[in-house]
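Heads up: the structure comes next, in structure tokens.
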Amino acid sequence: MSLFDDGVKALQEKLHRKEISVSDLVSYSFKRISEVDDKVQAFLTLDEEKALQKAKELDAKLTAGETRGMLFGMPIGVKDNIVTQGLRTTCASKILDNFDPIYDATVVNKLHSAETVTVGKLNMDEFAMGSSNENSGFKPVRNPWNIDHVPGGSSGGSAASVAAGEVLFSLGSDTGGSIRQPASFCGVVGLKPTYGRVSRFGLVAFASSLDQIGPITRNVEDNAYLLQAIAGIDPMDSTSANIEVPNFSEALTGDVKGLRIAVPKEYLGEGVTEEVRASVLKSLSILEKLGATWEEVSLPHSKYALAAYYLLSSSEASANLARFDGVRYGYRTENPENLLELYKKTRAEGFGDEVKRRIMLGTFALSSGYYDAYYKKAQKVRTLIKQDFEQVFENYDVIIGPTTPTPAFKLGEKVDDPLTMYANDILTIPVNLAGVPGISVPCGLSNDGLPLGLQIIGKHFDESTIYRVAHAFEQETDHHKQKPVL
Amino acid sequence: MTRISSDQVKHVANLARLQLSEEETESFRNQLEAMITFAEQLNELDTDGVEPTSHVLDMKNVMREDVAKQGLPQAEVMKNAPDHQDGYIKVPPIMTED
């Protein structure tokens, strides 16, 4: 049994009845980390002293009977590409090994307002580039269900820490599946919000037209509460959308009668294992029993999403990562002869192989003579992929398929073959290209005892319907209650 | 067939300000070639007349009032700089004699 088996709502009631204190919750988090993080390796930096101090302050408020929000006192982990003032933020890269941010990301400010307690910073693939967490510049995260397997990536630490019960919930970021894929591999709930729903101010940019911050939790209800706390327009992020944020928990009615589900045939096709396919079909039959209907549809340009994504995201990354030059912050090479050498050696020594690979691809695709053939072509294909989704959403409320073609693979299995590794994200990438929201919820275990995830995709800014479907499904199953034994 | 030469890789690495060893140059040449070949499947699609998408939301030119605001304190900003003096960030010579 874990204290965090209770969701947010039950924990708030326990706090209210004085059965537990915020200090109990936060101490529990650190105790669990000290017990299992040697194995899981989900954390890069802990903030124990400050977190325990904050817990004491919150307990004083509790005693004084001050009004509290839904997330009051909840221990949270934050992905290490989200800047936290005075708390080391590395993006799991050697180039930012000792980076000490001088301001908080907007989502971190919002967490302060919601009075959560930040426990520490979570491991990831370097600069969020990867699908297995093996690209961390420090240490690989391991899957709590089987530590020989990867947790997924790039928000591997965010998903693994929640699955291992080290924190109640966490924030991740998703550029091509980096929240949903690790959530699927680790048996937790992960949402990529609509592009523009959550401010990215203070999120270290990877691919600016795709990146979104989102919540990773143990159940759908908690996910809705956490998104509620971080969503909304922000004057500091001109790509955050001026669209009203609904009360997401109101969508958790359990009612999916009359809901129209589209199931793209491309999402159950080649490369998707039989047990993954079977788990999705079984999930659909559960939703059917609840009164939803489903039909097969086509997203005809899906097979081109991967190529378009790697050109676009790498191009944007090559521009975004130009700022890591050893001048204003981060690592600097020793004794460079001149400025050019400073740049080149700093970046050669500071970045890992995958980051260099993507910078090279992106720089190539943007370079003179190749721009139209690669970058612009990919942007046009992106339009076709976006239109695929728009057409399906004219007649359906949600799109459902697997989150990943297979359960978590073993460490080392794909690390030497970038294209095979990239193919793991084939079902999540189109969602980012279209900018629509998507969630992964647990939908069973593989024959090897590894979690499988169901992906539910919604219309732009319709996270509410996603939550409604995910919640109704969750209430009918107990997949989310299964926990790894560490 | 070699489609990307070592010189091209070196040119791209220079644009990207990445110093590569000979070994890395060859390894990146192979990888770039594989990725570019993979990416060329996009040419199967006819995209004549298709508008490129750079951003999925229908918004442009988000403006704010041009009002001066307090910036970050200089001492704070310098905190992460590898080398600085008198409020300036220091770098090695930009130009060399040859």
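Per chain, numbering begins at 1; letters A, B, ... match sequence-line order. If you're wondering where the values come from, they're calculated on a predicted model, not measured in any experiment.
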Which atoms of A:Asn98 approach chain B - backbone, side chain, both or neither, heavy atom under 4.5 Å: backbone

Quick one: does any side-chain atom of B:Asn80 pair with a main-chain N or O of A:Asp100 as donor and acceptor, under 3.5 Å? yes

Among all residues two or more places apart in sequence or in another chain, which pass the side chain to side chain contact (heavy atoms under 4.5 Å, CB included) test with A:Glu463? A:Leu191, A:Pro193, A:Thr194, A:Arg197, A:Leu227, A:Phe248, A:Pro437, A:Tyr467

When the 4.5 angstrom heavy-atom criterion is applied to A:Thr239 and chain B, the contacting part is both

Side-chain contact, heavy-atom cut-off 4.5 Å: A:Gln387 with B:Val50? no

Is any side-chain heavy atom of B:Gln31 less than 4.5 Å from a side-chain heavy atom of A:Leu361? no

Can you tell which part of B:Leu18 gets under 4.5 Å to a heavy atom of chain A, answering side chain, backbone, both or neither? both

Any pair counted as salt bridge (Lys or Arg N to Asp or Glu O under 4.0 Å), so long as it reaches residues 355-380 of chain A, sequence neighbours left out: A:Glu354-A:Arg357, A:Glu354-A:Arg358, A:Lys356-B:Glu24

Can you tell me which portion of A:Tyr310 sits under 4.5 Å from chain B's heavy atoms? Options are side chain, backbone, both or neither. neither

Looking only at A:Tyr103, A:Phe364, A:Tyr343, the option with the highest number of non-hydrogen pairs under 4.5 Å against chain B is A:Phe364

Could you check if a side-chain atom of A:Arg332 sits within less than 4.5 angstrom of a side-chain atom of B:Asp83, using non-hydrogen atoms only? yes

Smallest heavy-atom separation, B:Ser54 atom then A:Arg382 atom, equals O-NH1, 4.0 Å

So NE2 of B:His11 and OG of A:Ser367: to nearest 0.5 Å the spacing works out to 5.5 Å

So which atom in A:Thr363 and which in B:Ala16 form the shortest heavy-atom distance, rounded to 0.1 Å? OG1-CB, 3.5 Å

CG of A:Asn242 to CE of B:Met59, rounded to nearest 0.5 Å, is 8.5 Å

Within the structure provided, determine whether B:Ile36 and A:Tyr370 are in side-chain contact (heavy-atom separation under 4.5 Å). no

Cut-off 4.5 Å, heavy atoms of chain B, and the answer for A:Thr333 is neither

Which atoms of A:Ala434 approach chain B - backbone, side chain, both or neither, heavy atom under 4.5 Å: backbone

Pick one of side chain, backbone, both or neither for A:Thr383, based on which atoms fall under 4.5 Å of a heavy atom in chain B. both

Close approach to chain A in residues 38-48 of chain B, criterion heavy atom under 4.5 Å: B:Phe38, B:Ala39, B:Glu40, B:Gln41, B:Leu42, B:Asn43, B:Glu44, B:Leu45, B:Thr47

Does a side-chain N-to-carboxylate-O contact under 4.0 Å join A:Asp325 and B:Arg17? no

Return the OH to CG distance between A:Tyr195 and B:Leu57, rounded to the nearest 0.5 Å. 6.5 Å

Side chain, backbone, both or neither: which part of B:Glu76 has an atom under 4.5 Å from a heavy atom of chain A? both

Is there a side-chain contact between A:Glu337 and B:Pro92, using heavy atoms and a 4.5 Å cut-off? no

Nearest 0.5 Å, what's the CD1-OH distance between B:Ile89 and A:Tyr329? 9.5 Å

Pairwise distance OG1(B:Thr53) to CG(A:Leu384) - rounded to 0.5 angstrom: 8.5 Å

Looking at B:Met78, B:Arg64, B:Glu51, which has the largest count of heavy-atom pairs under 4.5 Å with chain A? B:Glu51

Return the CE to OG distance between B:Met35 and A:Ser314, rounded to the nearest 0.5 Å. 7.0 Å

Among A:Glu316, A:His460, A:Glu349, A:Lys345, the residue with the most heavy-atom pairs under 4.5 Å to chain B is A:Lys345

For chain B, which candidate among A:Val327, A:Ile385, A:Ile359, A:Leu342 shows the most heavy-atom pairs at distances under 4.5 Å? A:Val327

When only heavy atoms count and the cut-off is under 4.5 Å, which of residues 65-72 of chain B reach chain A? B:Leu72

